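Inspection log for the structure reproduced underneath, given as structure tokens.
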Amino acid sequence: MNPVLVVHGGAWAMPDDMVEAHINGVRNAIAAGWKVLERGGSVLDAVEASVVIMEDDETFDAGRGSFLNRDGKVQLDALIMDGATLRAGGVGCVERLPNPVRAARKILSESPHVYFVGEGAERFAAEHGCELCRNEDLIIPREVEHLRRYQQELGQREKAQSDSAPDGNNLFAPAVSHDTVGAVALDRNGNIAAATSTGGTLNKAPGRLGDSSLIGCGCYANNESAAVSTTGWGEPIMKLVLAKWTADRVAAGNLPEWAAQEAMNYLKQRVNGHGGIIVLDAQGQFGIAHNTPRMAWGLKTVKTEEAGVERNTI
Ligand code: ASP
């Protein structure tokens, strides 16, 4: 098989002055993952390598530089899944791992369990050779300011609402930016895999887990259907188990490109959700779609290399 690699770096109304950093970030992720695939490396190594690069890049909401939760802390979620064996590794609400996808990979490869959260996840990671850090080491001034402004605006909105109608519903709407990262790949052996990593949504409640690290929601891989990674507002995505929903459409004989667009239509129509998705099948056919104004994406095959912030916008 000829290898294929597709990555994303979030889907939202990215302002013009952030476009270049996002495109550079996804290009670097493609370069790292492709290096693995080119030398005949495994698809899991490839998606892990791509995601690590974006976790290390402060542009994205993953690893250092992630959005802060309501308490001003970074809490990270990640999942990696192997399409050949259906083995998976996930971590949720970790606070001391600069590269949660590395810990997720260790869980996939070295644990009988699939999912670890919080302190137990950090302990497992440390025992298996992953680097731990302080939570402060993951926090950058840009995000301290981001949270401060958001909480101030929220306070004003809450006040305006309680002064008018006593309907608190839209207080739960997320901040508009979504910079979660993900990768899907096909290796020379015909195996596919997916990985997703995130800091979640800005000002989330401590302990809140999003879609990104849940099997079938923000990430899924099965050689018999597709490898999928999503980004966007996690609560609606999780209600639809959207990554699995999309992979099932591919298993039913639809092209990944169609399934990706359908997933975005379904997300909007069924639960008024927003986000972006990348999909790849074991024949190397892929789809990239978003129902947000922009989405950072990159792809590489033996014939082409591309990256951008707009594609298949519905
Ligand atoms: N889906 C992520 C979450 O809800 C956020 C994102 O994609 O930006 O945790």
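Predicted, not measured: the structure shown is a model, and the values here were computed from it. Every number for a ligand or one of its atoms is a count from 1 in the order of the listing.
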Considering all heavy atoms, the nearest Asp57-Gly25 contact
OD2-CA, 3.5 Å
Should Lys239 and Glu235 count as an ion pair when the cut-off is N to O under 4.0 Å?
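Salt bridge flag = no for Glu235 with Lys239.
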Salt-bridge criterion met for Glu262 and Arg249 (N-O under 4.0 Å)
no
Considering only residues two or more places apart or on different chains, which pairs with a residue in residues 184-224 satisfy ring-ring contact (aromatic ring centres under 6.0 Å, His included)?
none
Is the number of heavy atoms from other residues, nucleotides or ligands within 6.0 Å of CD (Glu110) greater than 12?
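Counting neighbours around CD of Glu110, more than 12 heavy atoms of other residues, nucleotides or ligands fall under 6.0 Å, so yes.
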What residues sit with at least one heavy atom under 4.0 Å from ligand 1?
His178, Asp179, Thr180, Thr198, Gly200, Thr201, Arg208, Gly210, Asp211, Ser212, Thr231, Gly232, Gly234
After noting the C-alpha distance and the side-chain angles of His178 and His274, does the key distance pass the ring-ring contact (aromatic ring centres under 6.0 Å, His included) rule?
CA-CA 10 Å; His178 294 288; His274 58 259; 5.0 Å; yes
